[in-house]
Amino acid sequence: METTRLIIVAVGGQGNLLASKVLGEAALISGVPVRMSEIHGMAQRGGVVESAIVFGDAESSIISDGEADILLGFEPAETLRALNRCSSRTMVITNTAPLPPFTVSIGKGEYPDVDLIKNLIRQKTGGLVAFDAMKLAREAGSPMSVNIVLVGALIRSEVLPFTKQDVMEAIKRRVKPAFLEMNLKAFELGYEGAGETVEA
Amino acid sequence: MHKLLRDTPGEKIMLLGNEAIARGAIEAGVAFATTYPGTPSSEISLNLFQISRESDLYFEYSTNEKVALEVAAAAANSGLRTFCMMKHVGLNVAADPLMTLAYVGVTGGMVILSADDPSLFSSQNEQDNRYYAKFGGLPMLEPSSVAEAKEMMPAAFDLSESLRQPVLMRTTTRINHSNAFVTFGELRPRKTKGKFIREPLRCVTVPAVSRGLHAKLLEKLGRAGKMSDSSEFNFIRGKGKLGIIANGVSFHYAEDGVRDLGIEDKTSIFRMGFSNPMPETKIKDFLKKCEKVLVIEEGEPFMEEAVKAMAQEIGVTIPIKGKTPELFSRLFEYDPAMVREKLASFFEVDYTPPEKIDVSNVPEIPNRPPNLCSGCSHRATFYEVKQAAKDMDVIHPTDIGCYTLGFLPPLNMGDFVICMGSSVSTSCGFSKATDQKVVSFIGDSTFFHSGITGLVNAVFNNHNFTLVILENGITAMTGHQPHPGVEMEKFGMPDQGQINIEQLVRSLGVEHVSVIKPFKVKKSIETIKEALEFKGVSVIISQEPCILYARSMKMRSARPFMVTDKCTDHKDCINNIACPSFFIQDGRVSIDADTCVGCAVCAQICPENAIRPLKN
């Protein structure tokens, strides 16, 4: 089976690890081999959290710089920061709602303009889907569901070897019952929302 | 029922590496498990802790790794299958019992797991603990994948029992924190009650006994070497003359690299999974068939040096390379592209690495370093100590935990840290060696781990410093594990004991002890000032639960604050305490109501009283 390499970048607390687990579960449901790697501990205290997910026949569970087939970014500046993980063929999907790092508040750096971020990514990679996933997450019921909105957009792009139904089943298995309805709504909103906002 | 307890052989499930290791221990019939938590090992113990509460597995969070290993050594010498797990630097703490337990051996199977951290994702160093196996004389297994980590656990227990020797299981972060499919095996029954048979000539390590034990250890290692030669964990893939020797995750990078380069027919890969003692006969045979050999191992040249020595013994003079400036580094973890490129260069295969994206015109992106959480009590304590010690030349030895992050600006509270517990003992040294004021920080769990002995030293030798014990009621950094100061009723374990830190500190002979509630800013600063004036050892205990833990246990609900129109833009709040809930909107300070928990520290330091509770 062909190998598909996905990198997810997020800010600690955005639910990156749950998103990865949902995708892993979907791979299990659809019989796709998968290995994932994540970073815990000190890295999670408000810093950048990165997951690497390798679908298909490769044995490695991490992804080298320049070798991601898909980059899913939960925060626009973090998506841009991860550009070195991409090649000119990489498909990029990003949330456009900024979460400025604290260093900006204390005057140590300037947050880049979101339109500039989008233009740079569009120029250098194989395609960009950019949309305000926070808005859709709020619509689904909570900013906490932004991770599943982005999973919806990822599935809409049809770059992963499994179906929408597989992922919805995976969400049912991995999400706590109390939050299931909200997350299924978030998934649908992401799936539909990404369809309307594809930027080639 | 805990998912790792399911008696469903053949079930395929996605597991974190650390869950797979815990499952492997359960499948092996482990009866007794001890640990001190540390990333990247912590989820192994977290799962075993949960499992112990719904089964007859005995599990304990021990005070530190030395204690954990000694507790485990007794269980393993009572005939129980025993598992002791820790992060790599934890094995330094446990090294004293380790070295002599290797002489004594065990009667029940014993596995000691060391979770190494190449690239230092969450550690103070990246030491390569394979040397402990060689140093102490322990058989060692190293998995290359999550699934194999589970498979190796029962094998490690069997190996330990057949040699009557503890076995070192060595993993790296990319095993512990990877997820992959695992197939459940059979569950072996647990034998939970042992019996200690007195054998003083094996178990009482006076010199006369230990001389004999050392000889016996070497004899065991000889047997282990033969087992290593026939072990299924040492295998060869491929029949080519271009040799590769690899361990751990590097093995899979090598496999992927060889396939990507299309040189499967020309290469053979020796995967070392039972790596101490090394499979000497098998390696020598392998070397004889190769034209050249590349050794791929993260960390130190552990295999490389041994393989070169073996080649010398049999007169093989082929090139054997690993750690050289052109090839592999002793620094940091490897990755698939790096290994592919080195394979191509060493074996002279045509290969053009994929073109990198030109990022030269990407604007500088502001850093996002990890930070103390919104509402973290450590931030308040740091601010208060800073205010109380204003105008003094202060050294701040600090320790290992979330609060290490206090060294970052604008708090800048952290000047020296080397290992768990070092804040207290280095304070002793700094206070004698300099005329500077010394105010040090240690977390409650770290204080129990290895701060107490330093404090005893300080009282005994009459040192002069202030120790701030940050009592947040939990081991926060590693994922909220209990420690001896925690009221265990919260965990549904009312029979556990509880040690009161204030009483303990007083009983150690510390004359000046005070307690602060760090969210009361003014009062805390006054109390700290008094402690700083005391000549001798003073201890301040700063009591406030970890906010993440308090919120997850519903002990505290969020009551967000806001910045009102009274704000005249001093920015004292941002400049002095730098809580991540602050952000600048249209040039003015605002508070993110989604993340503010309402500790009210900023409200107490605002010169205009402009920060108020957000009215709903």
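Below, read A as the first sequence line, B as the second, and so on, with proteins coming before strands; counting in each chain starts at 1. Values below: all heavy atoms of this structure, side chains included; hydrogens, waters and symmetry mates excluded.
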- Could you tell me which portion of A:Leu120 (side chain, backbone, both or neither) has an atom closer than 4.5 angstrom to a non-hydrogen atom of chain B? side chain
- Query: Where does A:Asp65 contact chain B at under 4.5 Å (heavy atoms): side chain, backbone, both or neither?
  - Reply: both
- Any idea which of B:Ile175, B:Thr173, B:Leu372, B:Asn367 has the most non-hydrogen atom pairs under 4.5 angstrom with chain A? B:Asn367
- Min side-chain heavy-atom separation B:Tyr334-B:Ile296 under 4.5 Å: yes
- Message: What part of A:Arg174 gets within 4.5 angstrom of chain B, counting heavy atoms only: side chain, backbone, both, or neither?
- Response: side chain
- Below 4.5 Å from any heavy atom of chain A, which atoms of B:Cys376 appear? Answer side chain, backbone, both or neither. neither
- Message: Looking only at the side chains, is there a donor atom on one of B:His88 and B:Glu126 sitting less than 3.5 Å from an acceptor on the other?
- Response: no
- In terms of heavy-atom pairs under 4.5 Å with chain B, the winner among A:Ser64, A:Ala58, A:Ser20, A:Pro112 is A:Ser64
- Query: Hey, are the side chains of B:Asp117 and B:Ser122 touching, using non-hydrogen atoms and a 4.5 Å cut-off?
  - Reply: yes
- Query: Ring centres of B:Phe121 and B:Phe332 under 6.0 Å apart?
  - Reply: no
- Message: Is B:Leu548 close to chain A through its backbone or its side chain, or both, or neither, when contacts mean heavy atoms under 4.5 Å?
- Response: side chain
- Message: Please classify the contact of B:Lys12 with chain A as side chain, backbone, both or neither, using a heavy-atom distance under 4.5 Å.
- Response: both
- Message: Please classify the contact of A:Pro33 with chain B as side chain, backbone, both or neither, using a heavy-atom distance under 4.5 Å.
- Response: backbone
- For B:Thr39 and B:His177, run side-chain contact (heavy atoms from CB on, under 4.5 Å): C-alpha distance rounded to whole Å, both residues' side-chain angles, the deciding distance at 0.1 Å, then the answer. CA-CA 10 Å; B:Thr39 312; B:His177 285 170; 3.9 Å; yes
- Note on the structure: From the list A:Asp113, A:Val34, A:Leu116, the residue making the most non-hydrogen contacts under 4.5 Å with chain B is A:Val34
- Message: Looking only at heavy atoms and a cut-off of under 4.5 Å, which of B:Ala337, B:Pro410, B:Ala180, B:Ser144 has the most pairs with chain A?
- Response: B:Ala337
- Note on the structure: Okay, B:Asn575 and chain A: the region with an atom under 4.5 Å from a heavy atom over there is neither
- Using non-hydrogen atoms and a 4.5 Å limit, figure out which bit of A:Ala27 sits close to chain B: side chain, backbone, both or neither. both
- Message: I need the residue from A:Thr103, A:Asp57, A:Val104 with the largest number of non-hydrogen atom pairs under 4.5 Å to chain B.
- Response: A:Thr103
- Going through the checks in order, is the ring pair (Phe, Tyr, Trp, His ring centres under 6.0 Å) test met by A:Phe162 and A:Phe55? CA-CA 10 Å; A:Phe162 38 76; A:Phe55 301 96; 5.6 Å; yes
- Residue part contacting chain A, namely of B:Asn176, when any heavy atom lies under 4.5 Å: neither
- Message: Please classify the contact of A:Glu67 with chain B as side chain, backbone, both or neither, using a heavy-atom distance under 4.5 Å.
- Response: side chain
- Item | B:Cys596 backbone acceptor or donor facing B:Ser581 side chain under 3.5 Å | yes
- Message: What I want to check is whether the side chains of A:Ser60 and B:Asp256 have a donor and an acceptor closer together than 3.5 Å.
- Response: yes
- Message: Using the rule side-chain contact (heavy atoms from CB on, under 4.5 Å), only one of A:Val49, A:Leu23, A:Leu17 pairs with A:Ile8; which is it?
- Response: A:Leu23
- Task: Side chain from CB out, backbone as N, CA, C, O: work out which of these in B:Glu364 comes under 4.5 Å of a heavy atom of chain A, or both, or neither.
- Result: backbone
- Query: For residues A:Ser37 and A:Ser61, is any side-chain donor paired with an opposing acceptor at under 3.5 Å?
  - Reply: no
- Task: Applying side-chain contact (heavy atoms from CB on, under 4.5 Å), run through A:Ile70 and A:Thr4 and close with a yes or a no.
- Result: CA-CA 8 Å; A:Ile70 315 158; A:Thr4 306; 3.8 Å; yes
- Which answer fits B:Val249, side chain, backbone, both or neither, if we ask what part of it has an atom under 4.5 Å from a heavy atom of chain A? neither
- Note on the structure: Pair count under 4.5 Å, heavy atoms only, with chain A: among B:Asp592, B:Val362, B:Val359, highest is B:Val362
- Task: Please answer whether the main-chain N or O of A:Glu75 pairs with a side-chain N or O of A:Thr79 as donor and acceptor at a distance below 3.5 Å.
- Result: yes
- In terms of heavy-atom proximity below 4.5 Å to chain A, should B:Pro354 be classed as side chain, backbone, both, or neither? side chain
- Side chain, backbone, both or neither: which part of A:Ile53 has an atom under 4.5 Å from a heavy atom of chain B? neither
- Looking just at side-chain N and O atoms, do A:Lys124 and A:Ser88 make a donor-acceptor pair shorter than 3.5 Å? no
